[in-house]
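Keep in mind it's a predicted model, so treat the numbers as computed, not measured.
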Amino acid sequence: MAFSRCREPLFERVLRGEWGVEEFRRGQLSEALAPWGPVPEALLAEHAALREALVGEAVPVDGARELLGELRRAGLLVGVLTNGAGALVGRKLATLGLEALLDAVVTAEEAGAPKPDPRAYAAAAAALGLQPGRLAMVGDHLEWDVAGPLRAGYARAVWLARDRGAGDGEAPELPPAALVVRTLAEVGAALGVTSSA
């Protein structure tokens, strides 16, 4: 889909400080619809306003709050490393009510580079006060959340492959230190984490 394909290249402009989030949203829609001609200003404004309104309606992924609590009860530090824009990430986490369960939040802007750049993973490790070899990354993007952190020295990476069923074709080849789960409820067990309730 054109809308998704142009996200990463255009978001680089946000990370370089050239665009704010609203400019990015307008640019993404304009780029996706470019084959059909210029997008009217009214449509761009409405799109940006709708995307902004959705931030206030964000809900956690099923099992997110429970997983964060399980990891914290097991005595682990928990952080978020995101390519999202800083102000937007803060608003999303506030809406989701997850801040109290996190020890660190690192954006690509703060790290000076987005995932999968090794500097992003190093910044997350530094924010938690740990060496990369003591960390595991959990996420649904194979390059950003599995291959990237493992290349940066993380001990483990857990791929949340929730959208891939048995009939989805050939499974991707994963690095040896990668684990695969279908739901967040499986992450703790995959990492060998046990916590007292």
Should Val61 and Trp144 be counted in the same cluster of Ile, Leu, Val, Met, Phe, Trp and Tyr side chains packed under 4.5 Å apart?
no
Nearest-0.5 Å distance that lies between atom NZ in Lys115 and atom OG1 in Thr107
11.0 Å
Which residues satisfy the side-chain contact (heavy atoms from CB on, under 4.5 Å) test with Glu99, sequence neighbours excluded?
Leu93, Ala94
Would you indicate whether the side-chain heavy atoms of Leu128 and Leu135 approach each other to under 4.5 Å?
yes
Any side-chain to backbone donor/acceptor pair from Arg25 onto His47? Under 3.5 Å, distance only.
no
Tell me every residue that passes ring pair (Phe, Tyr, Trp, His ring centres under 6.0 Å) with Trp19, counting only those two or more places apart in sequence or in another chain.
none
State plainly whether the residues Glu41 and Arg26 are in salt-bridge range, i.e. N to O under 4.0 Å.
yes
Exam field: side chain Glu31 to backbone Gln28, donor-acceptor pair closer than 3.5 Å:
no
Taking atom OH of Tyr154 and atom CG of Leu130, what is their separation to the nearest 0.5 Å?
9.5 Å
Short side-chain to backbone donor-acceptor contact, Asp145 and His141, under 3.5 Å:
yes
Looking only at atom types and distance, does a side-chain atom of Asn83 sit under 3.5 Å from a main-chain N or O of Pro114, one as donor and one as acceptor?
no
Return the minimal non-hydrogen interatomic distance between Pro132 and Ala152, and the atom names on each side.
CB-O, 3.7 Å
Between Ala32 and Pro35, the two heavy atoms sitting closest are O-CD, 3.6 Å
Can you confirm whether more than 12 heavy atoms, excluding those of Arg151, are under 6.0 Å from its CZ atom?
yes
Could you give the distance from CG (Leu101) to CD (Glu70), rounded to the nearest 0.5 Å?
12.5 Å
Tell me whether Leu33 shares a hydrophobic cluster with Leu44, the cluster being built from Ile, Leu, Val, Met, Phe, Trp, Tyr side chains joined at under 4.5 Å.
yes
Do you know the tightest heavy-atom contact between Ala48 and Glu22?
CB-CG, 3.8 Å
Quick check: does any side chain N or O of Asp103 sit under 3.5 Å from a backbone N or O of Val78, one acting as donor and the other as acceptor?
yes
With rounding to the nearest 0.5 Å, note down the distance linking CG in Leu68 to CG in Leu76.
11.0 Å
Would you give the length of the straight line joining atom CG of Leu50 to atom CD of Glu46, rounded to the nearest 0.5 angstrom?
5.5 Å
Should we say atom CD of Glu23 is surrounded by more than 12 heavy atoms from elsewhere, each under 6.0 Å from it?
yes
Under the rule for side-chain contact (heavy atoms from CB on, under 4.5 Å), what residues qualify as partners of Pro175, not counting sequence neighbours?
Val146, Leu150, Ala178
Quick one: closest heavy-atom pair of Gly133 and Ala155, and the distance?
O-CB, 3.2 Å
d(Leu98 CG, Lys92 NZ) to nearest 0.5 Å is 12.5 Å
Can a donor-acceptor pair be found, under 3.5 Å and without considering hydrogens, that links the side chain of Tyr121 to the backbone of Met137?
no
Are side-chain heavy atoms of Thr82 and Val106 found at a separation under 4.5 Å?
no
Quick check: does any side chain N or O of Trp159 sit under 3.5 Å from a backbone N or O of Val180, one acting as donor and the other as acceptor?
no
Could you tell me whether the side chain of Leu179 reaches within less than 4.5 Å of the side chain of Leu174, counting heavy atoms only?
no
Indicate if Val181 and Leu184 have the same hydrophobic cluster label, given that clusters are the connected sets of ILVMFWY residues with side-chain heavy-atom separations under 4.5 angstrom.
yes
Would you kindly confirm whether Leu96 and Leu160 end up in one hydrophobic cluster when ILVMFWY residues are joined by side chain heavy atoms under 4.5 Å apart?
yes
Other residues, nucleotides, ligands: >12 heavy atoms within 6.0 Å of Glu143 CD
yes
How far apart are the closest heavy atoms of Ala74 and Val193, and which atoms are they?
CB-CG1, 3.4 Å
